[in-house]
Amino acid sequence: MEQEQTTTRQMAILLFCGLLAPLLRVIPEETGPLAGAGGWVAPILALPAFLLVLWVLGRTFRRLPRSAGLPQMYRLAFGTGLGKVLTAATGLWLAVMGAFNLRLYGESFVSSIYTDTNILIFLAVMMAVICLVSRRGFATVCRMGKLFFYVLVSTVGLVTLLGVREVRLYNLWPVWFQGWDGLLLSAGPVLSVLGFSIPILYCKGRGAIQGQGERILAVWFALLCLLLSAVGAVMIGMFGWQTAIRLQTPFFSMAKEVTLGEITERIEAVVAAVWVFSDMALLAAQVCAIVEYGKELWNGVSRKWLMWGMGIIILLGASWMDTATFELQGIWRGMQGWNIVLCYGLPLLACLLLRMQRRIRHNIWGSKDCSGPIFSIRK
């Protein structure tokens, strides 16, 4: 059993690093067609809705035992049988998304830097490193995330500042180019990716996390969305939204365009190498979360066997996806609905059922206890 506790700040930093890469893929590739020149505003528009979800979940978990995470909340809200099914579905979805992200990371890295490299070697090495780092649990992964944070923010900040000189303001205005409805809809892809953090944040009970609080999470996710908007504005300002959405890796393309003295020709290679840190942070967090869901379903199973088993399954799934980067991004657009249902819909529905249960118990017995499934209540 993991002895070290993590803090809310450590978890927030880890997710800050892990979500940076997938979010910079949807900006402007998916926000551009919806919002046009205003695609860079999407993270700011998505932030209030995401923080509202965190607030609702935080209030619900404060009324549950400190040992309760999403699996326990599902059992209390839906009953033991259905709760286990939903826990298994969440873990399985994390494994599917882990395999998808691993393949997409590999395709992006190999196609940008080492076009002649066998991608299966890259996938195997990356998955082995992730499993080795994750073998001691979230505490170790969070310490890794803190180190990655400084490297990633320095790299993104440098590339963005250098790119400001190439920005053409007419490419950024007006933000309602595609209409206000398109501008609001552009928050959807950003919200979908931000949803990756929900099953990770709440896979364990609050007793395993020191200083659990929505304020710390709100600050870090706000910083993430502001940084994404700034980078998105520079990308769209440099290329224009019509060109930016056609680029295979817009951020790497931006890194190729900036100048930094005599090392200009290799700066994109450095950025691509550093970008692996973001990919590793999210995958490591997903593997750790899958292990926690697996432990809830198969009590007594060794954490080590669960972790390596999930690592092999994710690697096999990623290897099986024999598609190009553009095709993978198209698949992701079709999967966003499921991601929203499993990462937002189910937790919020459980919160609603527990709220109803609490009111029913209070009206019948004068009790506010939420210790059993709603449909097991008898007068």
Side-chain angles (χ1 to χ4, degrees), residues 2 14-15 17-23 25 70-71 86-111 117-138 140-142 144-145 148 192-193 195-201 203-204 275-298 301-325 327-332 334-336 338-339 342-343:
E2 185 180 0
L14 177 68
L15 291 171
C17 297
L19 293 173
L20 200 56
L23 282 170
R25 280 201 303 270
L70 268 183
L86 295 179
T87 299
T90 303
L92 179 61
W93 182 250
L94 282 175
V96 170
M97 293 313 302
F100 177 83
N101 287 330
L102 178 62
R103 181 71 191 203
L104 191 53
Y105 299 156
E107 291 283 352
S108 299
F109 186 82
V110 171
S111 62
T117 303
N118 187 339
I119 191 173
L120 297 181
I121 297 176
F122 175 85
L123 298 179
V125 172
M126 188 169 183
M127 200 67 234
V129 171
I130 289 168
C131 288
L132 287 171
V133 171
S134 307
R135 69 187 188 280
R136 295 184 181 271
F138 271 117
T140 303
V141 173
C142 286
M144 175 189 72
F148 289 174
S192 185
V193 176
F196 288 159
S197 60
I198 301 296
I200 295 172
L201 278 171
C203 67
K204 301 174 70 174
W275 217 237
V276 176
F277 292 164
S278 178
D279 306 334
M280 288 181 61
L282 181 58
L283 276 170
Q286 288 176 327
V287 168
C288 289
I290 293 169
V291 170
E292 295 301 327
Y293 289 118
K295 285 166 62 178
E296 290 296 326
L297 294 172
W298 299 291
V301 177
S302 169
R303 174 189 175 83
K304 179 180 69 175
W305 290 110
L306 275 174
M307 184 196 63
W308 284 105
M310 286 297 101
I312 292 172
I313 291 174
I314 291 174
L315 176 60
L316 292 175
S319 303
W320 176 73
M321 297 178 188
D322 187 18
T323 53
T325 305
E327 294 174 348
L328 286 171
Q329 290 168 347
I331 294 172
W332 161 243
M335 297 166 65
Q336 285 185 15
W338 286 104
N339 195 55
L342 290 169
C343 295

Colleague: Side-chain contact test, heavy atoms from C-beta onward, threshold under 4.5 Å: evaluate it for Leu282 versus Ile200 and give yes or no.
Modeller: yes
Colleague: So do Arg25 and Val193 actually touch side chain to side chain, heavy atoms under 4.5 Å?
Modeller: no
Colleague: Show your working on side-chain contact (heavy atoms from CB on, under 4.5 Å) between Tyr293 and Leu92 and close with a plain yes or no.
Modeller: CA-CA 9 Å; Tyr293 289 118; Leu92 179 61; over 6 Å; no
Colleague: What is the minimum heavy-atom distance between Val141 and Ala285, and which atoms define it?
Modeller: CG1-N, 4.3 Å
Colleague: Taking all heavy atoms of Ala99 and all of Gly317, pick out the closest pair and write down the distance.
Modeller: CB-C, 4.0 Å
Colleague: Find out whether Asp279 and Asn101 are in side-chain contact, i.e. whether some heavy atom of one side chain is under 4.5 Å from a heavy atom of the other.
Modeller: no
Colleague: Give, for atom CD1 of Ile314 and atom OG of Ser319, the distance between the pair rounded to the nearest 0.5 Å.
Modeller: 11.5 Å
Colleague: About how many Å separate CG of Leu306 and CD1 of Ile290, when rounded to the nearest 0.5 Å?
Modeller: 10.5 Å
Colleague: List the steps and the verdict of side-chain contact (heavy atoms from CB on, under 4.5 Å) for Leu132 and Trp308.
Modeller: CA-CA 9 Å; Leu132 287 171; Trp308 284 105; 3.9 Å; yes
Colleague: Atom CD of Glu296 and atom CG of Leu70: how far apart are they, to the nearest 0.5 Å?
Modeller: 10.5 Å
Colleague: Tell me, with the steps shown, if Met310 and Leu94 meet side-chain contact (heavy atoms from CB on, under 4.5 Å).
Modeller: CA-CA 10 Å; Met310 286 297 101; Leu94 282 175; over 6 Å; no
Colleague: For the residue pair Gly311 and Cys131, what are the closest heavy atoms and their distance?
Modeller: CA-SG, 3.8 Å
Colleague: So, Ser278 side chain and Ala21 main chain: donor-acceptor pair closer than 3.5 Å or not?
Modeller: yes
Colleague: Of all heavy-atom pairs between Gly18 and Pro22, which one has the smallest distance, and what is that distance?
Modeller: O-CD, 3.2 Å
Colleague: From Arg103 CZ over to Trp320 CH2, what is the distance, rounded to the nearest 0.5 angstrom?
Modeller: 11.0 Å
Colleague: Taking the side chain as C-beta and beyond, is there a heavy-atom pair between Val96 and Trp338 under 4.5 Å?
Modeller: no
Colleague: Go through Leu15 and Phe196 one step at a time and tell me if the side-chain contact (heavy atoms from CB on, under 4.5 Å) criterion holds.
Modeller: CA-CA 9 Å; Leu15 291 171; Phe196 288 159; over 6 Å; no
Colleague: Roughly how far, to the nearest 0.5 Å, is CG of Leu297 from CD of Glu292?
Modeller: 11.5 Å
Colleague: Do you know the tightest heavy-atom contact between Leu14 and Cys142?
Modeller: CD2-SG, 4.1 Å
Colleague: Can you see which heavy atom on Ala284 is nearest to which on Ile130, and at what distance?
Modeller: CA-CG2, 3.7 Å
Colleague: Just how far is it from atom CD of Gln286 to atom CG of Leu102, taken to the nearest 0.5 Å?
Modeller: 10.0 Å
